[in-house]
Amino acid sequence: MDEMTWEFILRIFVAALLGGAIGLEREYRAKEAGFRTHFLVALGSALFMVVSAYGFEGALSTPEHRWDVSRVAAQVVSGIGFIGAGTIIFHKSENVVRGLTTAAGLWVTAAIGLACGGGMYAISIASTILVLVGLEAFRYILQKFDKHRSAN
């Protein structure tokens with residue numbers, strides 16, 4: 001295998017690890033989509049990006065036929081909306097919507113996968129850290145508000 005192939009493998013591997021990290025947090029919280037789902041979303045997004053950017057090299061490019069690598073990335077965003085929508089449930093009896101955070105987590109995991117597929121490791125890692133901090137920090141803050149509200 002050539003050096004570029006190893007780079008592509010590294011990209012999807014890092015994406016899978018970062019998606020898996022977010023998925024572990026969701027799994028720990030017993031949410032709708034856990035480790036496997038986030039792992040696969042990040043891996044798939046990275047693979048789509050690599051294929052989109054490099055899979056058509058050598059294909060005939062003429063003024064009539066231009067290859068646009070952003071088209072596949074845009075379709076990943078649309079496709080992840082379908083998966084995310086499946087995690088959102090409205091409970092009529094409680095008048096509450098559940099699964100929005102999970103859907104948003106899948107959405108950002110897809111973005112992290114696309115960034116990894118594009119070789120943007122630093123921003124992918126920083127984004128993953130922000131997601132994990134955000135999920136945990138907001139959970140902690142909301143618990144404090146709930147305790148304060150129930151005490152009053």
Side-chain angles (χ1 to χ4, degrees), residues 1-91 96-144:
M1 283 193 274
D2 65 351
E3 188 175 323
M4 200 62 185
T5 301
W6 285 110
E7 172 65 23
F8 296 152
I9 291 170
L10 177 64
R11 290 178 186 194
I12 63 171
F13 188 80
V14 171
L17 287 177
L18 296 176
I22 295 169
L24 281 175
E25 188 280 336
R26 301 276 72 200
E27 189 93 23
Y28 178 72
R29 301 280 173 226
K31 299 301 180 181
E32 294 85 358
F35 173 78
R36 293 183 303 174
T37 305
H38 285 80
F39 176 90
L40 291 172
V41 164
L43 175 91
S45 296
L47 183 57
F48 275 125
M49 181 57 102
V50 168
V51 169
S52 178
Y54 302 98
F56 303 104
E57 284 185 349
L60 182 62
S61 184
T62 65
E64 301 88 35
H65 298 97
R66 290 184 311 122
W67 303 106
D68 181 5
V69 299
S70 68
R71 294 176 109 186
V72 172
Q75 295 309 309
V76 168
V77 174
S78 298
I80 204 63
F82 177 77
I83 293 172
T87 67
I88 301 170
I89 299 169
F90 175 69
H91 293 277
V96 67
V97 176
R98 299 202 188 278
L100 288 174
T101 302
T102 299
L106 289 169
W107 178 70
V108 75
T109 299
I112 290 167
L114 288 172
C116 281
M120 303 168 78
Y121 300 116
I123 197 166
S124 300
I125 293 167
S127 297
T128 302
I129 291 168
L130 282 171
V131 167
L132 294 172
V133 166
L135 288 170
E136 286 302 308
F138 290 134
R139 184 179 168 280
Y140 176 77
I141 291 167
L142 289 174
Q143 281 181 338
K144 291 296 182 190

Quiz item: Who are the ring-ring contact (aromatic ring centres under 6.0 Å, His included) partners of F13, not counting sequence neighbours?
Solution: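 Here no residue qualifies.
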
Enter the distance from [X]:[atom1] to [Y]:[atom2] here, rounded to the nearest 0.5 Å.
X: L135; Y: T101; atom1: CG; atom2: OG1; answer: 7.0 Å
X: E25; Y: H38; atom1: CD; atom2: NE2; answer: 8.5 Å
X: L43; Y: L17; atom1: CG; atom2: CG; answer: 10.0 Å
X: I83; Y: T37; atom1: CD1; atom2: OG1; answer: 8.5 Å
X: L40; Y: S45; atom1: CG; atom2: OG; answer: 10.5 Å
X: W107; Y: T87; atom1: CH2; atom2: OG1; answer: 13.5 Å

Within 6.0 angstrom of F8 CZ, more than 12 heavy atoms from elsewhere
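Yes, CZ of F8 has more than 12 neighbouring heavy atoms, counting only those of other groups under 6.0 Å.
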
I9, CD1: over 12 other non-hydrogen atoms inside 6.0 angstrom |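 Buried by this count: over 12 neighbours within 6.0 Å.
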
Check whether any side-chain heavy atom of [X] sits under 4.5 Å from a side-chain heavy atom of [Y], and report yes or no.
X: V97; Y: I89; result: no
X: V77; Y: Q75; result: no
X: M49; Y: V72; result: no
X: F35; Y: I22; result: no

I need the minimum non-hydrogen distance between [X] and [Y], along with the two atoms involved.
X: R26; Y: T102; answer: NH1-OG1, 3.5 Å
X: A15; Y: A46; answer: CB-CB, 3.5 Å
X: A110; Y: V76; answer: CB-CG1, 4.3 Å
X: T128; Y: L18; answer: OG1-CB, 3.5 Å
X: L132; Y: A21; answer: CD2-O, 3.8 Å
X: G19; Y: A42; answer: CA-CB, 3.7 Å

I would like to know whether R98 and V96 meet side chain to side chain contact (heavy atoms under 4.5 Å, CB included); could you show each step before the answer?
CA-CA 7 Å; R98 299 202 188 278; V96 67; 4.0 Å; yes

Without swapping roles, check the side chain of S124 against the backbone of C116 for a donor-acceptor pair under 3.5 Å.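 Yes, because the side chain of S124 sits within donor-acceptor range (under 3.5 Å) of the backbone of C116.
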
| query | Would a distance-only check, ignoring hydrogens and angles, find a side-chain to backbone donor-acceptor pair under 3.5 Å from T5 to M1? | reply |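 Answer holds: no.
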
Worksheet entry | Pairs where residues 111-137 contributes a residue and the test salt bridge (Lys or Arg N to Asp or Glu O under 4.0 Å) is met, not counting sequence neighbours |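 Every pair satisfying salt bridge (Lys or Arg N to Asp or Glu O under 4.0 Å) with a residue in residues 111-137: R29-E136.
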
Check your understanding: So, R11 and E7, do they make that salt bridge, N to O below 4.0 Å?
Key ->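 Salt bridge present between R11 and E7.
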
